[in-house]
Amino acid sequence: MSAQPASNGVPEFADSSSLPSHVGIIMDGNGRWATRNGLPRSVGHERGVDALRETVRAAQKLGLTYLTVYSFSTENWRRPVAEVTALFALLRHFIKKDLKRLKSEDVKISVFGTRAGLPEDICSLLDMAVEETAENSRFNLGIAFNYGGREEIARAARHVAEKVVSGELSIDAFTEEAISQHLDTKTFPDPDMIIRTGEEHRLSNFLTWQGAYAELVFMDVLWPEFGETQLREALEKFGARERRFGGLGKEAR
């Protein structure tokens, strides 16, 4: 993926055809950013929401089609109650403040994960965000909330198994494709690239099935510091890689 320098020093992509169609982001490092700056962890999460807004705008600007962000995992319930409560409050704030704008920008919101254990008003807000943007089509924003990749796979496999038991599907139809069609992300293509911030180098149960061939980009920046410049940097790294999907590389051929 070639780039041309822009007047502000940030490269502009010359070949949008080599951009990834779907990018997943593990937004990590809010608490550490706050601690390093002598601030409460809640402030770090607030700054993280600001980073999310900028990143969604940048993704649209740069020509991406699908973006999925990991906003609350099934493992995050292990955090202190006060922090979980603060995270829910930020989701409420984000949807109430940003939904109208996202809707006007033709952004379609999808929510991935289980609703088990979530407060009723959070479920209602998530449903509202999905319903009010259902007809949009220019940009697809996936929100992985109360999401765990293994839990998602187990649910999908259970649904396929139920269809086999009922006779709706044959046992031979219990395939990878059948599981994929029962995942939360069935309307999204598999991610081409997964970015993780926060100075960590693991997937943390994010898009476990879908990310089998995703290019992984780990960035030594905390999420509140992430924005358009960092997204461009990740896209440059993606464009410099050769994706072989188990085949031979250009040199071997």
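- The cluster map of Ile, Leu, Val, Met, Phe, Trp and Tyr, joined by side-chain heavy atoms under 4.5 Å apart, puts L99 and V111 in the same cluster.
- The distance from the CE atom of M219 to the NZ atom of K237 is 5.0 Å, given to the nearest 0.5 Å.
- Here the closest non-hydrogen pair linking A173 and A178 is O-CB, 3.3 Å.
- Checking side-chain atoms of R150 against main-chain N and O of T208 turns up no donor-acceptor pair under 3.5 Å.
- At a cut-off of 3.5 Å, with distance as the only test, no side-chain donor of D190 or W209 sits close to an acceptor on the other residue.
- Note on L87 and Y147: separate hydrophobic clusters, where clusters join Ile, Leu, Val, Met, Phe, Trp and Tyr whose side-chain heavy atoms are under 4.5 Å apart, directly or indirectly.
- Taking a cutoff of 4.0 Å between a charged side-chain nitrogen and a carboxylate oxygen, R36 and E225 do not qualify as a salt bridge.
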Item to check | Pair K96-L125, side-chain contact (heavy atoms from CB on, under 4.5 Å): steps then yes or no | outcome: CA-CA 8 Å; K96 292 177 180 178; L125 282 173; 4.3 Å; yes
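- Using a 4.5 Å cut-off between side-chain heavy atoms of Ile, Leu, Val, Met, Phe, Trp and Tyr, with links allowed through other members, V217 and L19 fall into the same hydrophobic cluster.
- At a threshold of 4.5 Å between non-hydrogen side-chain atoms, the residues H201 and R196 do not count as touching.
- Under the 4.5 Å side-chain criterion, counting only non-hydrogen atoms from C-beta, D192 is not in contact with E215.
- Across every non-hydrogen atom of L207 and P191, the tightest pair is CD1-CG, 3.9 Å.
- The two atoms that bring P224 and G44 nearest to each other are CG-O, 3.8 Å, heavy atoms only.
- Not one N or O on the side chain of N140 forms a donor-acceptor pair closer than 3.5 Å with the backbone of K108.
- Taking the six-membered ring where the residue is Trp, H182 and H159 present tilted rings, their angle falling between 30° and 60°.
- Between the side chains of E83 and H45, at least one donor N or O lies within less than 3.5 Å of an accepting N or O.
- D184 contributes atom CG, which lies 14.0 Å from atom CZ of F145 (distance to the nearest 0.5 angstrom).
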Checklist entry - Would L39 and W33 satisfy side-chain contact (heavy atoms from CB on, under 4.5 Å), going step by step from the backbone distance to the final call? => result CA-CA 8 Å; L39 299 167; W33 178 87; 3.9 Å; yes
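- Between I26 and E200, the closest side-chain pair of non-hydrogen atoms is not below 4.5 Å.
- In plain terms, the two heavy atoms of A34 and R41 that are nearest each other are CB-CA, 3.8 Å.
- In this structure, I179 CD1 and R158 CZ are separated by 12.5 Å, a value rounded to the nearest 0.5 Å.
- K163 is not listed as a side-chain neighbour of F174, based on a closest heavy-atom distance of 4.5 Å or more.
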Checklist entry - Does the pair V49 and D98 meet the rule for a side-chain contact (heavy atoms from CB on, under 4.5 Å), with working shown? => result CA-CA 11 Å; V49 171; D98 291 68; 5.7 Å; no
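- Ion pairing of E151 with R155 is present here, as a side-chain N (NZ or NE/NH1/NH2) and a carboxylate O approach within less than 4.0 Å.
- Looking only at side-chain heavy atoms (C-beta outward), M193 and L235 come within less than 4.5 Å of each other.
- In this structure, V107 and Q60 have side chains that are in contact, with non-hydrogen atoms separated by less than 4.5 Å.
- Residue F218 is not grouped with residue I25 when hydrophobic side chains (ILVMFWY) are merged at heavy-atom distances under 4.5 angstrom, including chains of intermediate members.
- Within the 4.5 Å cutoff, the side chain of L216 has heavy atoms near those of the L203 side chain.
- Looking only at distances, a side-chain donor or acceptor of N146 sits under 3.5 Å from a matching main-chain atom of A116.
- To the nearest 0.5 Å, atom CG of residue L141 and atom OH of residue Y66 are 12.5 Å apart.
- A donor-acceptor contact shorter than 3.5 Å is absent between the side chain of E54 and the backbone of D50.
- Heavy atoms from other residues, nucleotides or ligands lying under 6.0 Å from CZ of R138 number more than 12.
- With R232 as the fixed residue, the side-chain hydrogen bond (donor to acceptor under 3.5 Å, both in side chains) test singles out one of E228, E236, Q230: E228.
- V221 and V69 fall within a single hydrophobic cluster, where Ile, Leu, Val, Met, Phe, Trp and Tyr side chains are chained together by heavy-atom contacts under 4.5 Å.
- Within the model, atoms CZ of R47 and OG of S42 stand 11.0 Å from one another, a figure rounded to the nearest 0.5 Å.
- Contact detail for L67 and A59: the closest heavy-atom pair is CD2-CB, 4.2 Å.
- Residues H22 and T65 form no side-chain contact, since every pair of their non-hydrogen atoms from C-beta on lies 4.5 Å or further apart.
- The only option from F206, Y70, F188 that meets the ring-ring contact (aromatic ring centres under 6.0 Å, His included) definition with F112 turns out to be F188.
- Between F226 and I195, the shortest heavy-atom contact is CE1-CG2, 4.3 Å.
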Checklist entry - Hey, mind stepping through K103 and N136 against side-chain contact (heavy atoms from CB on, under 4.5 Å) and telling me if it holds? => result CA-CA 7 Å; K103 185 176 179 179; N136 291 351; 4.1 Å; yes
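- Between the OG atom of S204 and the CG atom of D28 there is a distance of 7.0 Å, given to the nearest 0.5 Å.
- A donor-acceptor pair under 3.5 Å is formed between the side chain of S71 and the backbone N or O of A144.
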